[in-house]
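In each ligand, atom 1 is the first atom listed, and ligand 1 is the first ligand listed.
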Amino acid sequence: MKILVLNAGSSSQKSCLYEIADEALPTQAPQPLWEGKVNWTQDKGVAEVEVKTATGAKLQESIPGDSPQAHLTYMLNTLTRDVTKVINQLSEIDLVGHRVVHGGQDYRESVVITEDVKKAIANLSNLAPEHNPSALAGIEAIENILEKVTQVAVFDTAFHSTLPDAVAIYPGPYEWVDQGIRRYGFHGISHQYCSGRAAQILGKDLASLRLITCHLGNGCSLAAVKNGRSIDTSMGFTPLEGLMMGSRSGSIDPGILIHLLRYCDYSIKKLDYILNKTSGLRGISDISSDMREVTKAIAQGNTRAKLAWDMYVHRLRSGIGAMLTSLGGLDALVFTAGVGENSPGIRQAACEALGFLGLKIDLEKNQQQPVDEDIATDDSAVRVLVIHTKEDWAIAQQSWQLLK
Ligand SMILES: Nc1ncnc2c1ncn2[C@@H]1O[C@H](COP(=O)(O)OP(=O)(O)O)[C@@H](O)[C@H]1O
Ligand SMILES: CC(=O)OP(=O)(O)O
Ligand SMILES: [Mg+2]
């Protein structure tokens with residue numbers, strides 16, 4: 001069976017094609033036949049399309065135009081043409097799985113996409129304006145190209161549907177609960193995948209483990225996972241709460257918002273833009289939202305970059321502390337996503353604050369680009385894992401399971 005996965009992000013749409021036997025899912029993620037990415041981060045009116053195949057063929061092109069659907073169609077057509085051809089026609093695709101960031105109260109597990117589901121995803125765009133609209137664009141592009149194919153929505157919020165009320169409800173007026181204003185949590189596909197993979201690496205039953213998973217990418221969030229279930233997380237009603245991120249502020253005193261609106265002539269639009277796009281590492285360092293650039297600037301003596309780093313670490317440590325007390329103990333701390341997988345400095349800084357638990361990171365292993373490895377010392381009381389998150393594979397698995 002051929003499963004196409006679309007992972008809609010705030011500024012890109014990643015995609016890959018898996019071939020899976022009809023009878024059973026493999027225990028490890030297979031290599032995709034084809035991987036594509038449309039990037040909208042450059043100038044408006046142009047998209048960068050990158051494609052690679054399992055056999056090593058590569059393509060990189062700039063595609064003009066303003067229509068995300070046209071860009072996606074261009075990317076998907078590379079499946080059947082020239083050097084990146086891996087199938088004869090698009091109709092060979094049996095199933096399409098989408099990452100949908102916000103599923104709200106109604107979608108607690110993956111679903112086959114219908115008109116009602118599409119309406120719900122569109123309505124929830126208010127709560128995830130950076131993410132849900134691109135998921136919808138992907139769904140509609142597929143409808144146009146492959147009229148009859150079954151499409152599945154896999155929600156980033158679903159894994160956190162087990163949050164207890166005391167964690168999920170905000171201490172505002174109780175009416176908020178009826179209005180759907182509560183904590184949903186995000187990156188659930190990644191937190192769930194990494195929890196399962198952590199159990200595999202440790203050779204333990206997931207049901208016996210207390211884990212903290214740190215998803216540190218452009219967006220950053222933590223999850224406290226007990227017996228395989230999410231019991232606490234740092235993101236909330238929207239993907240803006242919690243840790244300091246690449247360009248998002250994370251949690252700040254809501255009094256600041258009232259102050260800016262009342263006294264500083266801020267519009268809602270400006271506030272939204274600042275909190276989502278020009279805050280976090282970018283806002284403090286004034287250099288970049290990319291941790292690599294911030295790290296480079298620190299090496300050159302840039303004090304604002306150093307401040308951004310220190311704040312990022314402080315908030316990460318505080319967040320881990322909060323997850324720790326929710327769990328009441330810890331078997332393994334897991335690092336994943338762009339920063340979590342690739343920044344030994346951030347991992348070391350986070351772990352240094354946890355020495356009192358008897359957690360000890362092996363500094364040498366930490367430096368050696370670990371992938372799906374335990375980097376704690378042998379005598380550490382808590383394991384420390386670096387796991388390459390495979391959201392796309394998790395989406396393919398869940399779509400396959402739903403179809404079966
Ligand atoms: N070698 C590296 N060192 C530090 N940070 C890195 C490295 N490689 C990638 N990153 C960080 O990872 C971020 C992207 O993470 P990723 O998980 O791909 O994000 P997303 O899926 O949210 O777009 C980049 O912005 C960058 O800060
Ligand atoms: C939910 C979220 O923040 O996703 P991303 O990190 O991909 O932006
Ligand atoms: Mg991501």
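Listed by number with element, the atoms of ligand 1 under 4.0 angstrom from any heavy atom of Ala337 are 17 (O). Each of the atoms 11 (C), 12 (O), 27 (O) of ligand 1 lies under 4.0 Å from some heavy atom of Val339. The Phe186 neighbourhood of ligand 2 comprises atoms 1 (C), with distances under 4.0 Å to a heavy atom of that residue. Each of the atoms 1 (C), 3 (O) of ligand 2 lies under 4.0 Å from some heavy atom of Pro239.
Neither the backbone nor the side chain of His215 comes within 4.0 Å of ligand 2, counting heavy atoms alone. For Lys14, every heavy-atom contact with ligand 1 shorter than 4.0 Å involves the side chain, none the backbone.
Of the polar atoms of Asp156, none of the N or O atoms is found under 3.5 Å from an N or O of ligand 2, judged by distance alone. Residue contacts with ligand 1: Gly217 is placed with no nitrogen or oxygen under 3.5 Å of a nitrogen or oxygen of the ligand (distance criterion only).
Closest approach of Pro344 to Asn342, counting heavy atoms only: CD-O, 3.2 Å. Considering every non-hydrogen atom in both Val5 and Asp392, the closest pair reads CG2-O, 3.6 Å. Taking each heavy atom of His160 and Gly185 in turn, the nearest pair found is CD2-C, 3.3 Å.
Protein heavy atom at the shortest distance from atom 25 (O) of ligand 1 is Asn218 OD1, 2.9 Å. In this structure, atom 1 (N) of ligand 1 lies nearest to the protein heavy atom Asn342 CB, 3.3 Å. Closest to atom 3 (O) of ligand 2 among all protein heavy atoms lies Arg248 NH1, 2.8 Å. Looking only at heavy atoms of the protein, atom 4 (C) of ligand 1 is closest to Arg292 CG, 3.7 Å. When hydrogens are left out, the protein atom nearest atom 7 (O) of ligand 2 is Arg99 NH1, 3.2 Å; that is the closest non-hydrogen contact. What sits closest to atom 27 (O) of ligand 1 on the protein, heavy atoms only, is Met291 N, 2.7 Å. Of all protein heavy atoms, the one lying nearest to atom 26 (C) of ligand 1 is Asp290 OD1, 3.2 Å. Nearest non-hydrogen protein atom to atom 16 (P) of ligand 1 is Gly338 N, 3.7 Å.
Considering Ile320, Val382, Leu209, Leu211 as possible partners of Leu330, the one that fulfils the side-chain contact (heavy atoms from CB on, under 4.5 Å) test is Val382.
Distances from atom 2 (C) of ligand 2 to the heavy atoms of Met245, His187, Glu391, Met235 show the closest one on His187.
Side chains of Asn144 and Gln69: a donor on one and an acceptor on the other come within 3.5 Å. With hydrogens and angles left out, the side-chain atoms of Tyr184 and Glu241 include no donor and acceptor closer than 3.5 Å. Side-chain contact check for Ser125 and Asn132: no donor-acceptor pair (N or O, by modelled atom type) lies under 3.5 Å. Under 3.5 Å, the side chains of Ser289 and Ser247 contain no donor-acceptor pair of N or O atoms.
Between the Ser12 side chain and the Lys14 main chain, no donor and acceptor come within less than 3.5 Å of each other. No donor-acceptor distance shorter than 3.5 angstrom exists from the side chain of Asp82 to the backbone of Thr84, with no hydrogens or angles considered.
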Taking only distance into account, with no hydrogens and no angle test, what donor-acceptor pairs under 3.5 Å do side-chain atoms of residues 217-226 form with protein atoms, sequence neighbours excluded?
residue: Ser221; atom: OG; partner: His187; partner atom: ND1; Å: 2.9
residue: Ser221; atom: OG; partner: His191; partner atom: NE2; Å: 2.8

